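Per chain, numbering begins at 1; letters A, B, ... match sequence-line order. Source: prediction; values computed, not measured.
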Amino acid sequence: MSGTTIAGAARFTPAQRALHWAMALCILAMLFIGVGMVSTIRPIYLVMVAIHRPLGIAILVLALVRLLLRWRHGAPPLPAGMPEAMKLAARLSHYAFYALMLALPLLGWAMLSAAGYPATMVGGWALPPIMPRSATLHSVLWGAHHYLALAFFALILLHFAAALYHALVRRDGVFEAMAPGGLPGHAPGRVAAE
Amino acid sequence: MPQPSRSPPRSALGSLVLIAALVGVVGAAFAYTAGWLAPGRLTPDRLVDSLAPPGGPALGFRRNHAKGICVTGRFEANGAGAALSRAPMLAQGSFPVLGRLNIAGPNPASPDASVPVRGFGWRIAAPDGQEWRSAMIDPPVFPVATPEDFYALQQAAGSGRPERMQEFAAAHPSFGAFVNWIRTAPKTASWAETRFNGLNSFTFTDAGGTARVVRWSLIPAAAPVPVTAEQLGQRGPDFLRQDIVERLRTGPVRWTLAVTVAEPGDPTADPTKPWPAERRTVEVGTLVIDAAQPEPEGACRDLNFDPAVLPDGMGTSDDPFPAARSSAYAKSYDRRTAEVEEYRRATGGGR
Ligand code: HEM
Ligand code: HEM
């Protein structure tokens with residue numbers, strides 16, 4: 001497994017980086033829309049709900065594409081100088097991100113199915129139910145969607161802090177591996193570990 | 001590790017402070033959006049809480065219109081509605097209906113005669129899976145003009161202080177029409193003789209893309225037989241349920257679904273204001289109910305008659321109620337589906 005090497009820097013492929021930033025934006029938007037919509041009764045409630053459903057399903061599709069790219073192209077190695085505990089935390093958090101990107105949309109869709117709400121995407125077009133109608137199931141799925149969404153946001157905050165820590169304090173090329181666009185002029189490459 | 005030479009070295013402490021600040025800003029924006037920093041925001045939680053009686057809500061039941069019975073039947077569309085909306089259930093045909101006849105209020109044990117407002121929630125399903133859901137009541141006007149006023153009314157009514165209600169009525173003149181209807185309108189002893197009104201306005205869009213603002217009503221086929229409040233009070237606590245079950249034994253119960261079209265300048269955003277009687281009204285079909293099921297066994301229990309679940313060709317208008325109701329009904333639904341055990345214990349049955 002290796003990332004592409006640009007000027008000595010091990011980075012994610014341009015497609016992987018583009019997906020990362022597009023999805024980051026979408027997921028953050030979803031989290032804000034999610035907590036925003038369940039705390040308002042104003043007309044914007046229906047607008048937010050109408051965005052939440054299809055955007056969430058779009059994230060599910062993008063997450064599957066991303067998983068495929070990750071499997072095909074892998075990820076650049078973490079720097080040799082990074083402590084083992086930090087590397088483990090990085091790896092575990094990435095597994096958690098993939099799991100959440102897939103689980104949250106599926107839970108949202110399943111929750112609507114269990115309640116007998118149409119999972120409307122656009123116009124009159126809705127996804128078919130993926131769960132039998134059941135109050136008990138709805139309640140379990142609702143709880144999972146609610147708490148995992150909050151955990152997702154907490155993990156994103158940690159991830160954001162860690163990325164900035166790599167970029168500003170450690171300056172070890174980890175941030176640059178996922179940074180958008182080309183590398184700045186004479187940025188140093190990450191010293192590959194493997 | 002080679003140190004990058006691109007930027008003047010910032011102190012690690014400065015960077016850490018910057019990181020903490022950035023994370024804090026994002027976290028605070030999230031908390032603000034979620035309403036955690038806004039105790040004054042009217043959230044669906046607060047709106048639903050305001051409906052609860054002093055002793056707390058009846059767990060497992062709808063937080064309003066808690067007492068009801070499931071009904072099933074069909075909607076026979078005559079095709080006239082297709083001129084107003086391209087919704088599939090307005091094209092001529094017969095479409096399955098799941099409904100719930102109910103009375104207002106948070107108490108599932110209220111005697112029927114003690115509650116002045118009756119309701120009817122229903123869902124018409126089209127073969128392609130699209131749905132038209134609605135929840136209607138029998139007064140000709142709603143007591144309040146905005147969802148915020150609805151909350152204020154619940155607070156005044158729940159305060160236990162009559163002067164708060166007098167203040168509310170004085171500050172909201174349109175409340176008087178509703179109170180007047182409760183005091184003076186003739187009652188009937190049957191849901192089947194009751195006219196139900198949607199009160200909220202919605203937008204219908206036809207096949208050509210023309211949009212019109214509408215309201216709808218269900219006009220009973222059975223002739224209303226007026227009864228006095230005293231006569232109702234002498235009946236058993238569940239006379240409405242007994243009546244409908246009795247009627248269904250001899251045949252279906254019917255209502256005509258009539259859609260009224262607003263004209264420019266009509267008060268479409270305010271359900272306390274009726275539209276002029278001469279507005280164009282189109283009879284779009286007949287709602288036929290042919291069976292009833294007790295709520296614990298019926299399919300209506302775990303359904304939310306969310307008035308914002310609409311097919312293509314129907315949408316919300318400038319009326320703020322459907323959004324507020326959709327948000328509050330979802331909250332009520334989330335709560336009651338988490339309380340199935342309590343419901344089972346209270347009713348001694350059901351799933
Ligand atoms: C990455 C994908 C998703 C994220 C990050 C996300 C996030 C959220 C969040 C933060 C909330 C508010 C939770 C609360 O405070 O109670 C929420 C609620 C909700 N989400 Fe999602 N969601 C996603 C996908 C979906 C999808 C695909 C659907 C449906 C097709 C969906 C349906 C819902 C519904 C119906 C609610 C309201 C639940 C209620 O009744 O309280 N979500 N979501
Ligand atoms: C902001 C104003 C309103 C609030 C907060 C509110 C609140 C509620 C709640 C919480 C429920 C229980 C929902 C459930 O658990 O499924 C309910 C049911 C109901 N509401 Fe409202 N409501 C409002 C306005 C209206 C209006 C304008 C109408 C009629 C024109 C109406 C008619 C009904 C009916 C008929 C039901 C029973 C539906 C069923 O059988 O499931 N409500 N309401």
Identify which part of [X] has an atom lying under 4.5 Å from any heavy atom of chain A, answering side chain, backbone, both or neither.
X      : result
B:V23  : both
B:A38  : neither
B:P44  : both
B:A126 : neither
B:L42  : both

Residue among A:A115, A:P43, A:G143 with most heavy-atom pairs under 4.5 Å to chain B: A:A115
When A:V140, A:V38, A:V35 are compared by non-hydrogen pairs under 4.5 Å with chain B, the top option: A:V35
Distance-minimising heavy-atom pair for B:A308 and A:L46: CB-CD2, 3.6 Å
To the nearest 0.5 Å, what is the distance between [atom1] ([X]) and [atom2] ([Y])?
X      : Y      : atom1 : atom2 : value
B:I19  : A:Y165 : CD1   : OH    : 8.0 Å
A:M111 : B:D334 : CE    : CG    : 7.5 Å
A:L157 : B:L22  : CG    : CG    : 11.0 Å
B:L310 : A:T120 : CG    : OG1   : 9.5 Å
B:R335 : A:W142 : CZ    : CH2   : 9.5 Å
B:E148 : A:R42  : CD    : CZ    : 6.0 Å

Quick one: what part of [X] sits under 4.5 Å from any heavy atom of chain B, side chain, backbone, both or neither?
X      : answer
A:Y45  : side chain
A:A126 : neither
A:L158 : neither
A:Y117 : both

Expected output: side-chain A:S39 to main-chain B:T33 donor-acceptor under 3.5 Å: yes
Neighbour count above 12 (heavy atom, 6.0 Å) for A:I130 CD1: yes
Greater than 12 external heavy atoms within 6.0 Å of B:Y32's OH: no
Do [X] and [Y] make a side-chain contact, defined as non-hydrogen atoms from C-beta onward lying under 4.5 Å apart?
X      : Y      : answer
A:L150 : B:F30  : yes
A:R133 : B:L303 : yes
B:D128 : A:W125 : no
A:P118 : B:R133 : yes

Whether B:Y333 and A:H138 hold their rings parallel, tilted or perpendicular, with breakpoints at 30° and 60°: perpendicular
Among the listed options [options], the residue most often paired with chain A at heavy-atom distances under 4.5 Å:
options                        : value
B:G35, B:A29, B:G313, B:P320   : B:A29
B:E339, B:R46, B:E131          : B:E131
B:D312, B:V309, B:D318, B:D319 : B:D312
B:D45, B:N304, B:T316          : B:N304

